[in-house]
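The structure appears below as structure tokens.
When a ligand or atom number is given, it counts from 1 through the structure's own listing order. Only this structure's heavy atoms are used, side chains among them; waters, hydrogens and symmetry mates stay out.
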Amino acid sequence: MVNAETNAQEYALDRDCTTLSRHVLQQLQNFSAEAQDLSALMNRIALAGKIIARRLSRAGLMEGVLGFTGDINVQGESVKKMDVYANDVFISVFKQSGLVCRLASEEMEKPYYIPENCPIGRYTLLYDPIDGSSNTDINLNLGSIFAIRQQEGQDADGTASDLLQDGRKQIAAGYILYGPSTMLVYSIGKGVHSFTLDPSLGEFILSDENIQIPNHGSIYSVNEGNFWQWDESIREYIRYVHRTEGYTARYGGAMVGDVHRILVQGGVFLYPGTVKQPEGKLRLLYESAPLAFLIEQAGGRSSTGTQEILDVIPEKLHQRTPLIIGSKDDVSLVESFIHQQTQSEKSIMERSRVLQ
Ligand code: AHG
Ligand code: MN
Ligand code: MN
């Protein structure tokens, strides 16, 4: 009995001590400079998450936190005060870090250099400081998305051409979810692990290791308000789930929350292209690719509809991409509708060519 109690106590203590930075080192099983770098990088990202979470938790009580700034960002979208704040938090935490020379974000047209870090900082941080900003003013869940890539150059024109490579070049990726509790989910290419912020310790403590997404789930997560803007193939898929038993819709307006639900419970999240925006809304380098890296590590898939997200080579920093992400079987099912449509369009064209 005494032994069982001691064991339980030791287990609880061990668990409390499994902080994010320790977990990264454990995963790499060494203390090389690279491992120390990654651990320190994740620790800084965690600090950014804590600072943002603190502000969000008191947003309704503070002046100047909620609402718009009145500016339009490089994406042509109205900027919220929280977008700017969170963007600056990430810059601040990486100052004097010696780790990150360059940051690229949804909110900055060109990458931001931290010159004092550049002589030794070999990494670039790509991030979406606040994902789902429309939820900011109504106290619903939000996220931050991040990816770390090796930096292969510095270019004066700000095109960051070395970043225009496929998603498999990501060294680490993940998100912070600001919900009832704050969670950090990450992967360094060795599985997917989630941490929960314990406010009494001020630390992210391990919640779940080696998360595996189910091969199929009942949830489909998409903004059906765009139904008539979609290609017929996507409309057909949605008609299919409407008339097939066993599907249910969930859409929160913040992809981090929606994808987190799917990571845990299975299903599929879609943001397809529309007539006005054939590339959809989501940005490849700091939204779709990091989530794709994570979901693939958890045994799921992500696709543009015709290509794996992680194989897409962007042509520009803020490139958008259609996104279908989640359980293997569900992503493949959506793709099969797209494939079918392409095939029938081809055969119609073929027939009309023959008839001419
Ligand atoms: P962001 O706030 O970074 O611009 O991203 C919002 C994204 C994503 O989180 C969400 O799923 C989607 O946009 C919501 O868009 P709609 O309102 O068009 O559904
Ligand atoms: Mn976003
Ligand atoms: Mn954003």
Side-chain angles (χ1 to χ4, degrees), residues 48-49 52 55-56 59 66-69 71-91 103-109 112 125-147 173-179 185 219-230 234 238 249-263 267-295 302 309 317-326:
I52 296 167
R55 194 168 179 87
L56 286 173
L66 301 178
F68 292 97
T69 62
D71 295 329
I72 304 287
N73 68 9
V74 57
Q75 328 284 341
E77 290 160 0
S78 300
V79 178
K80 291 235 152 136
K81 290 176 187 163
M82 260 323 281
D83 291 322
V84 177
Y85 178 80
N87 191 60
D88 292 348
V89 167
F90 278 93
I91 295 173
L103 297 97
S105 127
E106 177 188 326
E107 302 302 334
M108 300 186 289
E109 186 174 357
Y112 182 101
L125 179 82
L126 293 122
Y127 65 113
D128 177 359
I130 294 285
D131 174 64
S133 357
S134 75
N135 284 0
T136 317
D137 297 343
I138 49 167
N139 191 31
L140 286 179
N141 72 275
L142 298 161
S144 298
I145 306 174
F146 59 87
Y175 57 76
I176 301 157
L177 170 62
Y178 310 103
V185 182
I219 290 158
Y220 72 99
S221 190
V222 64
N223 184 347
E224 290 198 49
N226 293 331
F227 190 87
W228 293 107
Q229 293 289 312
W230 293 328
I234 302 293
I238 295 298
R250 291 285 183 275
Y251 192 71
M255 173 170 59
V256 166
D258 289 328
V259 168
H260 184 70
R261 187 201 320 267
I262 281 163
L263 171 69
V268 63
F269 173 93
L270 304 87
Y271 209 109
T274 59
V275 177
K276 281 193 206 130
Q277 285 195 305
E279 294 307 308
K281 177 181 183 186
L282 302 170
R283 279 80 20 145
L284 179 66
L285 278 164
Y286 42 82
E287 289 185 312
S288 304
L291 296 182
F293 185 84
L294 208 71
I295 291 293
S302 63
I309 289 285
L317 183 60
H318 297 288
Q319 182 162 317
R320 295 176 196 260
T321 174
L323 176 67
I324 302 155
I325 188 166

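For the Mn ion (ligand 3), the count of nearby protein N, O or S atoms, meaning those under 2.8 Å away, is 3.
The aromatic rings of Phe90 and Tyr127 lie tilted to each other, with the angle between the two planes from 30° to 60°.
Listed as neighbours of ligand 1 are Glu77, Glu106, Asp128, Ile130, Asp131, Gly132, Ser133, Asn223, Tyr251, Gly253, Ala254, Met255, Phe269, Tyr271, Lys281, Leu282, Arg283, Glu287, each bearing a heavy atom under 4.0 Å from the ligand.
The 12-atom threshold is not exceeded at CG of Asn139, counting heavy atoms of other residues, nucleotides or ligands nearer than 6.0 Å.
Here the shortest heavy-atom pairing between Gln229 and Lys276 reads OE1-N, 4.0 Å. The shortest non-hydrogen separation linking Gly143 to Tyr178 is C-CE1, 3.6 Å.
Atom CG of Leu282 is separated from atom CD of Gln277 by 10.0 Å, given to the nearest 0.5 angstrom.
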Do His260 and Val185 pass the side-chain contact (heavy atoms from CB on, under 4.5 Å) test, and can you show the C-alpha distance, the side-chain angles, and the key distance before you say yes or no? CA-CA 9 Å; His260 184 70; Val185 182; 4.0 Å; yes
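Residues that satisfy the ring-ring contact (aromatic ring centres under 6.0 Å, His included) test with Phe146, not counting sequence neighbours, are absent from this structure. In this structure, Glu224 has no salt bridge (Lys or Arg N to Asp or Glu O under 4.0 Å) partners at least two apart in sequence or on a different chain.
Considering only heavy atoms from C-beta on, Trp230 comes within 4.5 Å of Val222 through its side chain.
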